[in-house]
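Proteins come first, then strands; the chains are lettered A, B, ... in the order of their sequence lines, and each starts at number 1. These numbers were taken from a predicted model, which means no experiment stands behind them.
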Number of protein chains: 2
Amino acid sequence: MTTLVDVAKKANVSKMTVSRVINHPDKVTDELKALVYEAMRELDYHPNMIAKALVDKSTRIIKLCILEDIDTTEPYYMNLMIGIAKTLDLHQYSLQLVTRKNFDIGNCDGYIITGMRQQDVDWIKNLKKPVVMFGENRYGFDYVDTNNKAGLYKLAQLALQRGYEKLVYIGIDSKESFEYSREAGYLQQVQELRMLPELHRFDNHSHLAEEFIETNWKKIKPNTAFLCASDRLAIGILRGIVRSGGKVPEDFGVTGFDGVFLNQVASPKITTIKQSIIEMGSACGENLLDKIETKESQGALVFEPKISFGGTLRD
Amino acid sequence: MTTLVDVAKKANVSKMTVSRVINHPDKVTDELKALVYEAMRELDYHPNMIAKALVDKSTRIIKLCILEDIDTTEPYYMNLMIGIAKTLDLHQYSLQLVTRKNFDIGNCDGYIITGMRQQDVDWIKNLKKPVVMFGENRYGFDYVDTNNKAGLYKLAQLALQRGYEKLVYIGIDSKESFEYSREAGYLQQVQELRMLPELHRFDNHSHLAEEFIETNWKKIKPNTAFLCASDRLAIGILRGIVRSGGKVPEDFGVTGFDGVFLNQVASPKITTIKQSIIEMGSACGENLLDKIETKESQGALVFEPKISFGGTLRD
DNA sequence: GATTAACCTGTTACCGATAACATCTCAGAT
DNA sequence: ATCTGAGATGTTATCGGTAACAGGTTAATC
């Protein structure tokens with residue numbers, strides 16, 4: 001490993017000058033700067049982050065707190081992590097994964113938190129390091145998320161364009177903000193057209209949605225589209241309809257939300273909201289690192305939803 | 001943050017003595033040790049890993065290299081990471097996620113690698129830091145994996161016990177070691193009973209398996225069990241059979257391999273090998289950290305497979 | 001009783017960076 | 001010509017640990 005001193009010798013300056021070239025380039029003359037840059041290049045110098053961390057009492061560690069149960073952990077977290085990791089690696093930060101089970105020790109420079117519940121608000125507010133949430137919230141934390149409301153609004157619109165006469169919303173039985181937003185998107189579209197809303201909510205498990213369809217099959221009329229708050233629920237609805245003898249997409253429409261993994265294994269593929277989770281993860285990372293360096297809030301970052309066209313809405 | 005010096009003052013010793021109590025406790029008298037421990041407890045002292053890392057030129061970073069395409073990245077990697085993270089956090093290490101796309105810079109103390117192909121053997125052998133593979137291999141790298149052969153052997157045995165007369169193996173069209181082992185497990189069971197083996201291989205996508213069933217439906221006789229190398233393939237087989245009008249589990253059996261996530265959304269649930277990926281991840285971490293500290297190879301660690309009973313084999 | 005060895009404990013230097021302070025230079029003011 | 005001060009560069013101390021060496025006791029040996 002080449003160090004500051006190596007570069008300094010090569011450039012015939014003191015190591016402090018080299019340090020300044022890196023951190024306060026405006027305080028060094030162009031002439032010396034050129035020398036130093038040249039030396040750095042020749043020696044392929046990379047700063048030792050550990051030493052830097054020691055002086056400024058930082059850790060270069062970001063904690064990713066996944067507060068949801070592992071059981072319900074959606075596969076898209078994998079993509080989230082890939083996105084986060086991409087940014088962090090670039091800045092020589094590294095990641096610690098934290099779940100409710102190993103929630104402890106160890107310092108860090110910042111947090112990315114996902115799956116927050118109301119009960120978590122207190123301790124999160126007390127954290128002494130910058131925080132970015134993955135997933136919208138109404139407690140004033142900076143966050144990165146898809147525009148959930150717009151997502152359901154668009155899907156509802158699409159279902160109408162495709163000629164379905166009734167829109168039923170299948171939601172997740174939770175008090176989280178994203179759920180309210182998705183419902184709001186549905187309701188807005190429905191109310192703009194003076195239609196009667198119909199909402200049902202379940203825990204996010206496909207078999208609950210399936211049961212719902214099967215037990216209520218007689219009451220369900222053709223030409224209905226089911227707008228689901230997740231791909232899991234959509235898969236259940238789809239299966240329920242198929243089992244009951246209904247035809248998708250001819251007589252019934254189904255849409256989901258997420259579109260990372262589940263719709264790959266459904267057949268037909270589900271028309272859903274495709275979230276570019278990797279990019280969103282990168283955004284989380286950048287947002288947080290900015291915050292760490294500038295010590296200023298970066299605000300929320302909302303991604304516009306994109307529809308991924310599957311085979312569960314007719315053409 | 002309390003430091004060595006704080007503890008030293010409190011215990012009325014030099015900081016070197018405190019350091020020794022931590023790293024070479026045999027070189028300090030019991031009397032002083034007691035004092036120091038007492039002081040450490042009172043001050044809630046935790047060593048600063050950054051400072052330690054600076055002197056021994058380590059990074060406390062482990063790189064997790066996921067060499068598979070993100071598209072085919074199975075959700076179980078999430079669990080793998082949780083397992084790894086659990087161990088690493090305990091030892092104050094942290095993780096960097098590396099994919100083929102951001103394969104670069106940054107030092108580290110060791111690697112956990114998964115999804116290795118033949119073409120990767122060379123550079124992996126050239127790595128200067130300890131390596132543990134997740135997934136069996138035949139190149140002499142230490143690894144952690146489920147006993148793939150035993151897994152398929154057991155499933156085949158189970159299918160026979162449940163009265164299926166014909167066993168068909170549906171494999172993944174790849175040259176990776178785990179695939180050979182699963183095939184070997186199937187073949188061993190089949191040959192022990194002098195049955196005729198039948199193997200088919202596809203890329204690991206459910207719709208390929210589904211197509212296979214549908215195009216060959218006429219040739220497929222009842223009382224056959226399909227032993228699949230992955231849950232994805234099993235889902236495809238299952239769907240193909242159901243679509244073609246076959247009855248599972250009455251006339252046809254289906255088994256998978258993995259059991260982390262996919263079988264949660266299948267209906268009925270697939271009888272599969274449940275891998276405790278979280279534990280395996282922890283094992284990877286421990287194996288690697290051992291290796292880093294002792295500088296000795298720790299060997300392979302093979303987990304015995306457990307069957308997760310779903311509804312795709314009859315009782 | 002002096003010598004030596006074994007064993008503790010403390011001192012110093014260092015890992016690779018940065019901040020704070022010291023020094024030096026040179027332009028502009030007096 | 002001397003003084004002043006701004007701006008550039010170098011020196012020193014520091015972050016929190018550890019290794020290597022130095023010094024001080026005590027017990028065993030002659």
Side-chain angles (χ1 to χ4, degrees), chain A residues 1-40 43-61 91-93 105-109 292-293 295, chain B residues 1-40 43-61 91-93 105-109 292-293 295:
Chain A
M1 276 292 289
T2 63
T3 73
L4 268 192
V5 177
D6 301 325
V7 177
K9 276 185 192 150
K10 184 120 198 159
N12 264 315
V13 296
S14 76
K15 64 177 181 170
M16 201 55 224
T17 300
V18 180
S19 173
R20 274 199 273 267
V21 169
I22 296 167
N23 300 298
H24 312 283
D26 51 309
K27 301 201 162 178
V28 179
T29 52
D30 292 346
E31 194 184 6
L32 282 192
K33 250 186 296 197
L35 279 175
V36 170
Y37 281 134
E38 173 66 14
M40 294 200 305
L43 298 174
D44 190 32
Y45 170 75
H46 295 281
N48 181 329
M49 290 306 171
I50 299 274
K52 191 177 296 212
L54 183 59
V55 318
D56 49 57
K57 292 173 193 292
S58 71
T59 62
R60 303 239 138 211
I61 290 171
H91 296 79
Q92 303 261 300
Y93 276 77
I105 36 156
N107 222 341
C108 71
D109 291 352
I292 289 172
E293 276 161 32
K295 305 190 177 183
Chain B
M1 275 293 288
T2 62
T3 73
L4 269 191
V5 177
D6 300 325
V7 176
K9 276 184 193 150
K10 183 121 198 159
N12 264 315
V13 295
S14 76
K15 65 175 182 170
M16 201 55 224
T17 300
V18 180
S19 173
R20 280 199 195 93
V21 169
I22 296 167
N23 300 298
H24 313 284
D26 51 311
K27 300 199 165 181
V28 180
T29 52
D30 293 346
E31 196 184 4
L32 283 191
K33 249 185 295 195
L35 279 175
V36 170
Y37 282 134
E38 173 66 15
M40 294 200 308
L43 298 174
D44 191 33
Y45 170 74
H46 295 281
N48 181 330
M49 290 306 171
I50 299 274
K52 193 176 296 211
L54 182 58
V55 318
D56 48 58
K57 295 173 191 291
S58 71
T59 61
R60 302 236 139 214
I61 291 171
H91 295 79
Q92 303 260 301
Y93 277 77
I105 37 157
N107 221 341
C108 71
D109 292 352
I292 290 173
E293 277 163 31
K295 305 191 176 180

Which residues within residues 5-24 of chain B lie with some heavy atom under 4.0 Å of an atom in DNA chain D? B/K15, B/M16, B/S19, B/R20, B/N23, B/H24

All N/O donor-acceptor pairs, side-chain side in residues 28-36 of chain B, below 3.5 Å, sequence neighbours left out:
unit_1: B/D30; atom_1: OD1; unit_2: B/K33; atom_2: NZ; d: 3.4
unit_1: B/K33; atom_1: NZ; unit_2: B/P25; atom_2: O; d: 3.0

For the helix from C/dG1-D/dC30 to C/dT30-D/dA1, figure out the bend between the end axes, five pairs an end, and round to 10 degrees. 60°

Given that B/V28 and B/L54 both sit by DNA chain C, which one's nearest nucleotide is further toward the 5' end? B/V28

Have a look at A/L32 and say if it touches a base, only the backbone sugar-phosphate, or nothing, with a 4.0 Å heavy-atom cut-off. sugar-phosphate

Which atom pairs, one a donor and one an acceptor, fall under 3.5 Å between side chains of residues 50-60 of chain B and the rest of the protein, sequence neighbours left out?
unit_1: B/D56; atom_1: OD1; unit_2: B/S58; atom_2: OG; d: 3.0
unit_1: B/T59; atom_1: OG1; unit_2: B/I61; atom_2: N; d: 3.1
unit_1: B/T59; atom_1: OG1; unit_2: B/D109; atom_2: N; d: 3.3
unit_1: B/T59; atom_1: OG1; unit_2: B/D109; atom_2: OD1; d: 2.8
unit_1: B/R60; atom_1: NH1; unit_2: B/H91; atom_2: O; d: 2.8

Please list, chain by chain and in numerical order, all residues satisfying salt bridge (Lys or Arg N to Asp or Glu O under 4.0 Å) with A/E293, sequence neighbours excluded.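 Listed in chain order: nothing, the list is empty.
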
Excluding sequence neighbours, so at least two apart, what forms side chain to side chain contact (heavy atoms under 4.5 Å, CB included) with A/K27?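 Only A/R20, A/H24 meet the side chain to side chain contact (heavy atoms under 4.5 Å, CB included) criterion with A/K27.
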
Please list, chain by chain and in numerical order, all residues satisfying side chain to side chain donor-acceptor pair (under 3.5 Å) with A/D44, sequence neighbours excluded. A/H46

Please output the side-chain donor-acceptor pairs of residues 4-13 of chain B that fall under 3.5 Å, not counting sequence neighbours, one pair per line with the distance.
unit_1: B/D6; atom_1: OD2; unit_2: B/T3; atom_2: N; d: 2.7
unit_1: B/K10; atom_1: NZ; unit_2: B/E42; atom_2: OE1; d: 3.3

Could you tell me whether the side chain of B/S14 reaches within less than 4.5 Å of the side chain of B/T17, counting heavy atoms only?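 SC-SC contact between B/T17 and B/S14 confirmed.
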
Leading and trailing nucleotides of DNA chain D with any atom under 4.0 Å from heavy atoms of chain A: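 Both ends considered, the range comes out as D/dA8 to D/dG16.
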
Where chain B begins and ends its contact with DNA chain C, read 5' to 3' at 4.0 Å from heavy atoms: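 The footprint of chain B covers C/dC8 to C/dG16.
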
